[in-house]
Amino acid sequence: MAKVTFFPIDITYRIERDKPVIYLFGRTTGNEKICVTDAHFEPYFYVIPHKGKEVEEKLRKLKVERSGETAEVIRTEKVKKHFLGRDVEAIKVFVKFPSDVPIIREVIKDWEMLEYITEYDIRFAKRYLIDKGITPLVAVDAEGEFVTQRARVPVFRADKIEQKGENSLESPKVLALDIETYNPDGKNIDTEKNPIIMLSFYGENYQKVITWKKFKTKLDYIEFVDGEVDLIDRFKTIINDFKPDIITGYFSDEFDLPYIKARADKYKVKLDIGLDFSELRVNKARKVTSNITGINHLDIYKFIRKIVGPSMDTYAMNLNSVAAELINEKKIAVEVDSLAEVWDTNSTELESFCEYNLHDSFLAYKLTEKMLPNIMEIVKIVGMTIPEIARMGFSQLVESYILKQAQRFNELAPELPHHGILAKRRMQTYTGGFVFEPKPGLYKDIVVFDYRSLYPTIISSHNIDPGTLNCSCCEGKKTAPVEGRKKYWFCTKKKGFLPTLISDLITRRMRIKDIMKEKNTPLMEARSQSLKLLANSFYGYLGFSMARWYSIESARSTAAYGRYYIHKVIDEAKNEGFNVLYSDTDSVFLSLDGKTKKEAEKFREKINLELPGLMELEYDGFYPAGIFVSAKIGKFGAKKKYALLSEEGKLKIRGFETVRRNWSPISKEVQENVLNIILKEGKPEKALKYVRGVLEELKNNNIELKKVIIHTQLQKEIDSYDAVGPHVAIAIRMREKGINVGPGSRIDFVITKNGERIRDKAKLPDEVSEKDYDPEYYINNQVVPAVEKIFEVLGYSKDDLLESKAQNKLAKFF
DNA sequence: GAGCATCGGGG
DNA sequence: GTGTACGATGCTC
């Protein structure tokens with residue numbers, strides 16, 4: 001009997017000699033690739049029978065004929081389980097093949113003797129990982145022997161398999177790829193007509209570009225082949241020789257790999273790059289995914305868009321913008337629209353396209369390298385594989401985590417909702433966080449407090465869970481502060497399953513934070529972030545229609561408690577004589593109004609004494625000055641619009657229009673300067689003078705041209721715009737000049753004096769000279785709107801900015 | 001303003 | 001694959 005220790009990377013199963021066999025692909029602690037098989041795992045699901053009914057007998061006799069095959073129950077077992085807050089006697093029903101499970105469940109779903117059928121909808125491979133307590137990337141010990149079997153890596157047949165300890169794979173081998181395709185007619189992608197003309201790879205100490213038109217070059221990484229078929233062939237051999245754990249690309253799930261697959265199919269080339277010689281699988285369900293057995297295909301775009309995207313500055317998620325922001329790198333600037341022509345004319349320019357092609361792989365590699373610590377931490381917490389982490393939504397991450405823990409806590413999972421239930425759930429809504437409408441004004445000495453992990457700590461502290469909801473033992477006790485007639489309460493005697501999990505996540509993160517105070521490592525940072533991400537997703541999960549542990553009552557109660565606790569701070573702060581300026585969901589802004597920071601701190605401590613469980617109000621920061629603007633938007637309450645000055649003298653601007661990218665530099669500059677003069681120096685009259693000065697300069701055309709350039713990104717095809725705004729008009733002219741513009745193109749323009757409509761006045765920056773811009777436009781549509789709201793707060797109207805009559809309306813603020 | 005449709009990324 | 005898949009934004013009525 002031999003032993004191996006390995007890090008699992010990918011998992012699948014297949015049917016062999018009449019039974020399902022689990023395949024775990026990974027890398028051994030000796031750094032060799034390996035495939036470990038396990039034939040000792042049986043498919044099963046659970047039923048909960050009604051009390052007093054004997055159903056095991058009937059189940060055991062069950063045989064279902066389906067297209068010539070027989071699905072049958074092999075055996076049953078009585079098991080004690082927890083299910084949504086109660087103890088149940090369930091029956092574990094074993095069948096022969098995984099595919100028999102849905103067949104059997106379909107037949108018994110209407111049996112009246114059954115109360116509930118569940119866990120028939122958990123994928124077999126996932127079931128295996130859960131039941132064996134195996135987490136991908138964490139070391140697994142296997143006992144068994146190496147066997148001879150057709151595969152690209154050694155195969156080890158395991159008789160015993162166990163995961164103990166936390167030792168995990170540290171640096172998986174990553175190979176990035178990117179293709180260029182022949183595309184003569186613009187944007188349309190046609191995998192049938194247009195060949196792949198370049199293919200690049202980038203890995204550690206490895207760079208390669210394959211192409212099939214020869215030209216003179218000194219670049220040693222370029223390799224010439226005879227045609228597209230040979231290129232595809234090299235694609236296969238390079239992957240096979242490099243032996244990556246992860247293949248990565250930017251949008252490769254939906255472009256590069258499907259394209260390669262489509263071309264291979266056309267030539268009837270088998271893309272059998274799977275470690276078991278299976279082919280690259282392109283799944284065209286709703287969202288395309290591309291998978292290779294044994295190798296993790298990670299589309300780094302998907303992960304970035306989902307996890308990092310929302311907090312990024314860039315709006316566009318294309319490779320250029322994302323690389324610029326995350327790794328401070330850009331794509332190589334070549335005119336990709338001309339590639340087809342360059343290809344046809346056999347030009348030596350092809351070399352620069354090869355460099356471009358390689359560089360895109362390099363960017364995908366670097367982005368993956370940067371994101372990998374976070375991805376791997378999430379894998380280790382929720383137990384899904386790397387490609388799954390990248391593709392799944394937040395709620396599915398939560399669910400994977402809960403399913404994994406359900407096994408440990410002997411909890412039965414509810415079934416996935418079916419069509420009718422789903423439709424009903426989608427109709428249900430609930431109220432979110434509270435937003436305090438600020439009284440417009442300029443304020444001094446602002447203290448900001450916020451609840452640390454508000455929703456997770458509420459769920460934990462109030463035991464919010466579908467299984468503790470409206471329990472009979474606590475009826476008549478305290479209910480959640482939900483508006484309306486519905487009464488929700490949660491058991492105070494027995495801790496719920498989800499609150500148990502979330503408490504554990506919060507305390508784990510607190511422990512890591514404590515250690516980080518001593519020694520901060522990127523790994524701990526990644527772990528802390530992942531735990532926070534997961535804990536914060538529970539609240540949304542409870543209200544997510546697809547969730548197994550869906551509970552709109554729990555989601556509503558959580559939000560209601562959130563509003564209750566933030567109101568508590570607001571009310572008590574007012575009672576203590578603080579001036580409450582603003583509040584949003586979990587944070588409160590107070591102005592000291594003569595009180596000291598110490599008194600504010602005392603107030604915070606007092607609140608904390610009254611909070612249950614893990615809930616805590618934290619000190620977020622102190623700001624010497626701040627300005628709040630009211631802008632009520634419909635029924636959704638006050639808009640989040642304010643600017644704060646930190647003690648270090650930095651401005652924190654939220655919600656003011658010009659922080660958006662499509663304004664001219666001059667309006668951004670003026671807005672920032674105005675806020676600085678008002679907040680830092682406390683001199684609104686000086687700010688007013690300053691603005692009037694700028695307006696005067698604008699009027700005399702003394703402002704530099706580069707400060708009046710506006711840039712906007714084209715969001716769709718030029719011809720599909722109905723409303724021709726200035727940037728669209730410019731795009732049309734750029735096209736007429738032969739410049740290729742399309743969705744995503746950045747359009748720079750200046751508004752000039754000549755013309756009637758704004759779109760006629762718009763000109764390309766190099767078409768105009770320094771003094772051509774239209775002062776009126778920049779005054780009325782750019783600079784004044786950027787600062788108008790700020791001055792309104794101080795009692796100045798738009799006219800005050802434009803006209804030079806000085807009125808001292810500021811006295812009341814100082 | 002609600003309800004439906006379409007992008008997004010990629011060459 | 002023992003199932004199913006998004007979410008933000010723009011456009012129309």
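In the text below, chain A, chain B and the rest are named by the order of the sequence lines, each starting its count at 1.
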Base, sugar-phosphate, or nothing: which does Phe45(A) touch, judged by heavy atoms less than 4.0 Å apart?
nothing
Using whole Å, report how far CE of Met317(A) lies from C1' of dG10(B).
15 Å
Sequence neighbours excluded, which residues qualify as ring-ring contact (aromatic ring centres under 6.0 Å, His included) partners of Tyr356(A)?
none
When the P atoms of dA8(C) and dT4(C) are compared, how many Å lie between them, rounded to an integer?
24 Å
Could you state the atom-to-atom distance from CD1 of Ile196(A) to P of dG10(B) in whole Å?
17 Å
Does dG11(B) have its OP1 or OP2 closer than 4.0 Å to a side-chain nitrogen or oxygen of Lys331(A)?
yes
Just call it for Asp360(A): base, sugar-phosphate, or nothing, with non-hydrogen atoms closer than 4.0 Å on any strand.
sugar-phosphate
Between Asp100(A) (CG) and dG1(C) (P), how many Å, whole number?
16 Å
Those residues of residues 124-135 of chain A lying under 4.0 Å from DNA chain B by at least one heavy atom
none
Ignoring the backbone of Tyr250(A), work out which of dG11(B), dG10(B), dT4(C) is nearest its side chain.
dG10(B)
Taking only residues two or more places apart in sequence or in another chain, which ones pass side-chain hydrogen bond (donor to acceptor under 3.5 Å, both in side chains) with Gln396(A)?
none
Could you check which of dG1(C), dG3(C), dG11(B) has an atom nearest any side-chain atom of Asp121(A)?
dG3(C)
Of Tyr128(A), Phe124(A), Tyr23(A), which is the lone residue that meets ring pair (Phe, Tyr, Trp, His ring centres under 6.0 Å) with Tyr13(A)?
Phe124(A)
Nearest-Å distance, CD1 (Ile15(A)) to C1' (dT2(C))?
11 Å
Expected output: side-chain Ser252(A) to main-chain Thr248(A) donor-acceptor under 3.5 Å
no
Show every salt bridge (charged side-chain N to carboxylate O under 4.0 Å, His left out) that has at least one partner inside residues 387-402 of chain A, sequence neighbours left out.
Arg123(A)-Glu388(A), Asp253(A)-Arg391(A), Glu399(A)-Arg548(A)
Against the six-membered ring of Tyr44(A), is Lys92(A) placed for a cation-pi contact (under 6.0 Å from the centre, within 45° of the normal)?
yes
Take Lys287(A) and Val336(A), find for each the nucleotide of DNA chain B with the closest heavy atom, and name the residue whose nucleotide sits nearer the 5' end.
Lys287(A)
Taking only the side-chain heavy atoms of Phe251(A) (C-beta and beyond), determine which of dG1(C), dG9(B), dT2(C) contains the nearest atom.
dG9(B)
Any donor-acceptor pair, under 3.5 Å, between the side chain of Asp337(A) and the base of dG11(B), if you only look at N and O atoms?
yes
Those residues that, when tested against Asp18(A), pass side-chain hydrogen bond (donor to acceptor under 3.5 Å, both in side chains) (two or more places apart):
Lys96(A)
If you only use heavy atoms from C-beta on, which nucleotide in dG1(C), dG11(B), dG10(B) is closest to the side chain of Tyr13(A)?
dG1(C)
Just the rounded figure in Å: distance from P of dG9(B) to CG of Leu298(A).
17 Å
Counting side-chain heavy atoms from C-beta on, which of dT2(C), dG9(B), dG1(C) comes nearest to Pro98(A)?
dT2(C)
When we call it a touch if two heavy atoms are under 4.0 Å apart, what does Ser252(A) touch: a base, just sugar-phosphate, or nothing?
nothing
Exactly one of Arg234(A), Lys213(A), Arg263(A) should register a salt bridge (charged side-chain N to carboxylate O under 4.0 Å, His left out) with Glu228(A). Which one does?
Arg263(A)
Applying side-chain hydrogen bond (donor to acceptor under 3.5 Å, both in side chains), name anything that partners Tyr365(A), two or more places apart in sequence or on another chain.
none
Report which part of the nucleic acid Glu180(A) touches: base, sugar-phosphate, or nothing (heavy-atom distance under 4.0 Å, all strands).
sugar-phosphate
Round to a whole Å and report the spacing from CZ of Arg263(A) to P of dG10(B).
21 Å
Hey, what do you get for NE2 (His297(A)) to CG (Leu257(A)), rounding to the nearest 0.5 Å?
4.0 Å
Side-chain donor/acceptor contact of Arg123(A) with base of dG3(C) under 3.5 Å:
yes
Arg281(A) CZ - dG1(C) P separation (whole Å)
11 Å
Pairing residues for Lys126(A) by the salt bridge (charged side-chain N to carboxylate O under 4.0 Å, His left out) criterion, not counting sequence neighbours:
none
Touch class at under 4.0 angstrom, heavy-atom based, for Ile103(A) against every strand present:
nothing
Side-chain donor/acceptor contact of Arg305(A) with base of dG9(B) under 3.5 Å:
no
With a non-hydrogen cut-off below 4.0 angstrom, is Asp178(A) in contact with a base, only sugar-phosphate, or nothing?
sugar-phosphate
Where along residues 388-402 of chain A does a heavy atom come under 4.0 Å from DNA chain C, residue by residue in number order?
Met392(A), Gln396(A)
Can you sort out the partners of Gln405(A) under side-chain hydrogen bond (donor to acceptor under 3.5 Å, both in side chains), two or more places apart, ordered by chain and number?
Arg408(A)
For dG3(C) and dG7(C), measure between their P atoms and round to the nearest Å.
23 Å
In whole angstroms, how far is the P atom of dG9(B) from the CG atom of Leu326(A)?
14 Å
Gap in Å between the two P atoms, one belonging to dG9(B) and one to dT9(C), rounded:
12 Å
Testing dT2(C), dG9(B), dG11(B) for proximity to the side chain of Asn183(A), the answer is dG11(B)
